[in-house]
Amino acid sequence: MMQMSKASRPENSEPLMIAAKSVSEAYARTLLHVLEHPGNEIAPLVLTMDGFGDGYEIPENTQVRAALDALLSKKKKRDVEDVAYTIFPQRLWTMAQGDRAKLFEFYKMAFPFYRAQNPKANGKGLYFERLMMYGRGPCDGNQLEWILSQYDSRPGVRRSMWQATTFDPARDHSATAQLGFPCLQHVSFVPTKAGLVANAFYATQQLFDKAYGNYLGLAQLAAFMAHEMGIPLARLNVTIGVAKLERITKTDSAMKPLIEAARACVAPPAPPAPRPSASLQLAAQPA
């Protein structure tokens with residue numbers, strides 16, 4: 001059995017679990033952990049996020065999001081929305097006005113354009129395309145529609161039924177040294193008394209240019225599924241086998257605004273100012 005040499009092991013290989021109230025906080029805490037510890041990797045990383053709104057809103061910290069988008073633009077990387085869109089096409093869902101059949105129809109029409117627009121990145125597909133156009137299986141390969149149709153028609157069935165995969169050995173087992181897709185392997189949806197709990201597993205994840213968009217896209221996908229199930233979105237769990245900070249260095253001065261925004265995001269709220277005592281209040285009143 002071949003063993004990993006000491007030199008090839010990640011320096012920051014301790015497992016990490018982060019609980020957060022938003023995708024912004026989850027990203028901020030992860031980024032700061034990597035910056036404040038040796039090495040560039042976390043293996044594994046487990047994130048659990050709640051705090052989602054009753055109207056299926058995805059809460060974000062605008063300062064963290066803006067600082068990251070500005071840095072991604074400076075480094076000529078895709079912005080957060082573009083990365084999130086690979087997992088869930090939020091703009092098409094808005095256009096569909098709550099009609100999932102229209103959402104699926106819109107995406108089928110648009111997907112050839114998405115692939116042609118960036119054949120290098122999208123040549124093997126996109127995550128939402130794999131979820132609703134897998135190529136085989138019930139509902140013509142639309143895994144999301146099958147899950148929702150079974151949920152609507154068969155109450156009380158096994159919760160392991162609500163799974164969808166993006167990895168396909170027939171297409172993805174390749175000896176190519178570098179492949180950018182698919183890092184997300186599968187998702188599952190667990191209805192609970194508190195609402196929907198969504199779970200996702202990544203083999204690897206790029207923390208700088210992909211992670212925030214991944215969390216946002218997964219949260220939007222989970223909100224869509226919760227909406228169609230008619231239950232609240234309670235929690236999103238993301239497990240990453242190896243999370244890596246690459247394509248930027250820890251000492252890059254361009255990171256400073258993002259680091260400051262991340263620290264402000266996770267800082268504890270300031271304690272309320274003490275109220276004056278009753279005697280002071282009486283003394284302040286005019287005679």
Do [X] and [Y] belong to the same hydrophobic cluster, where Ile, Leu, Val, Met, Phe, Trp and Tyr are linked whenever their side-chain heavy atoms lie under 4.5 Å apart, directly or via other members?
{"X": "Val80", "Y": "Tyr114", "result": "yes"}
{"X": "Leu236", "Y": "Leu148", "result": "yes"}
{"X": "Leu216", "Y": "Leu72", "result": "yes"}
{"X": "Tyr85", "Y": "Met109", "result": "yes"}
{"X": "Phe106", "Y": "Trp93", "result": "yes"}

Heavy atoms only: give me the nearest [X]-[Y] pair and the separation to one decimal.
{"X": "Pro59", "Y": "Gly51", "result": "CG-O, 3.4 Å"}
{"X": "Arg78", "Y": "Asp82", "result": "NH2-O, 3.6 Å"}
{"X": "Leu196", "Y": "Pro191", "result": "CD1-N, 3.9 Å"}
{"X": "Tyr107", "Y": "Pro89", "result": "CD1-CG, 3.7 Å"}
{"X": "Val64", "Y": "Cys265", "result": "CG2-CB, 3.7 Å"}
{"X": "Arg130", "Y": "Gln143", "result": "O-NE2, 3.0 Å"}

Would you say the side chain of [Y] lies within less than 4.5 Å of the side chain of [X], judging by non-hydrogen atoms?
{"X": "Leu207", "Y": "His33", "answer": "no"}
{"X": "Met49", "Y": "Val238", "answer": "yes"}
{"X": "Val83", "Y": "Asp209", "answer": "no"}
{"X": "Leu245", "Y": "Leu35", "answer": "yes"}
{"X": "Tyr151", "Y": "Ile231", "answer": "yes"}
{"X": "Ile87", "Y": "Asn214", "answer": "yes"}
{"X": "Lys102", "Y": "Gln97", "answer": "no"}

- Message: Return the SG to CD distance between Cys139 and Gln150, rounded to the nearest 0.5 Å.
- Response: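 Interatomic distance, Cys139 SG to Gln150 CD, rounded to 0.5 Å: 7.5 Å.
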- Query: Roughly how far apart are Ile259 CD1 and Glu36 CD, rounded to 0.5 Å?
  - Reply: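 Spacing of CD1 (Ile259) from CD (Glu36) equals 9.0 Å.
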Any sub-3.5 Å donor-acceptor pair from [X]'s side-chain atoms to [Y]'s backbone N or O?
{"X": "Thr166", "Y": "Leu184", "answer": "yes"}
{"X": "Thr94", "Y": "Gln90", "answer": "yes"}
{"X": "Thr30", "Y": "Ala26", "answer": "yes"}
{"X": "Lys244", "Y": "Phe208", "answer": "no"}
{"X": "Lys250", "Y": "Val34", "answer": "yes"}
{"X": "Glu25", "Y": "Lys21", "answer": "yes"}
{"X": "Thr239", "Y": "Tyr202", "answer": "no"}
{"X": "Ser149", "Y": "Trp146", "answer": "yes"}

- Any pair with a residue in residues 252-268 that passes side-chain hydrogen bond (donor to acceptor under 3.5 Å, both in side chains), sequence neighbours left out, goes on the list, sorted by first then second residue, please.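 Matches after skipping sequence neighbours: Lys75-Asp252.
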- Query: Got a sec, which pairs hit salt bridge (charged side-chain N to carboxylate O under 4.0 Å, His left out) with one end in residues 224-242, sequence neighbours left out?
  - Reply: Asp50-Arg235, Arg100-Glu228
- Under 3.5 Å, is there a donor-acceptor pair linking the side chains of Gln205 and Tyr215? yes
- Taking atom types as modelled, find out whether Glu60 and Tyr212 have a side-chain donor-acceptor pair closer than 3.5 angstrom.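 On atom types as modelled, these side chains qualify, holding a pair under 3.5 Å.
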- Message: Please give the remaining members of the hydrophobic cluster of Val46, linking ILVMFWY side chains under 4.5 Å, ordered by chain and number.
- Response: Met17
- Item | Plane angle bin for Phe201 and His186 - parallel if under 30°, tilted between 30 and 60°, otherwise perpendicular |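 Ring orientation, 0 to 90° scale: parallel.
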- Query: Of Tyr127, Phe224, Tyr56, which is the lone residue that meets ring-ring contact (aromatic ring centres under 6.0 Å, His included) with Phe88?
  - Reply: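 When Tyr127, Phe224, Tyr56 are each tested with Phe88, the ring-ring contact (aromatic ring centres under 6.0 Å, His included) holds only for Phe224.
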- Query: Counting only heavy atoms not in Asp140, do more than 12 sit closer than 6.0 Å to its CG atom?
  - Reply: no
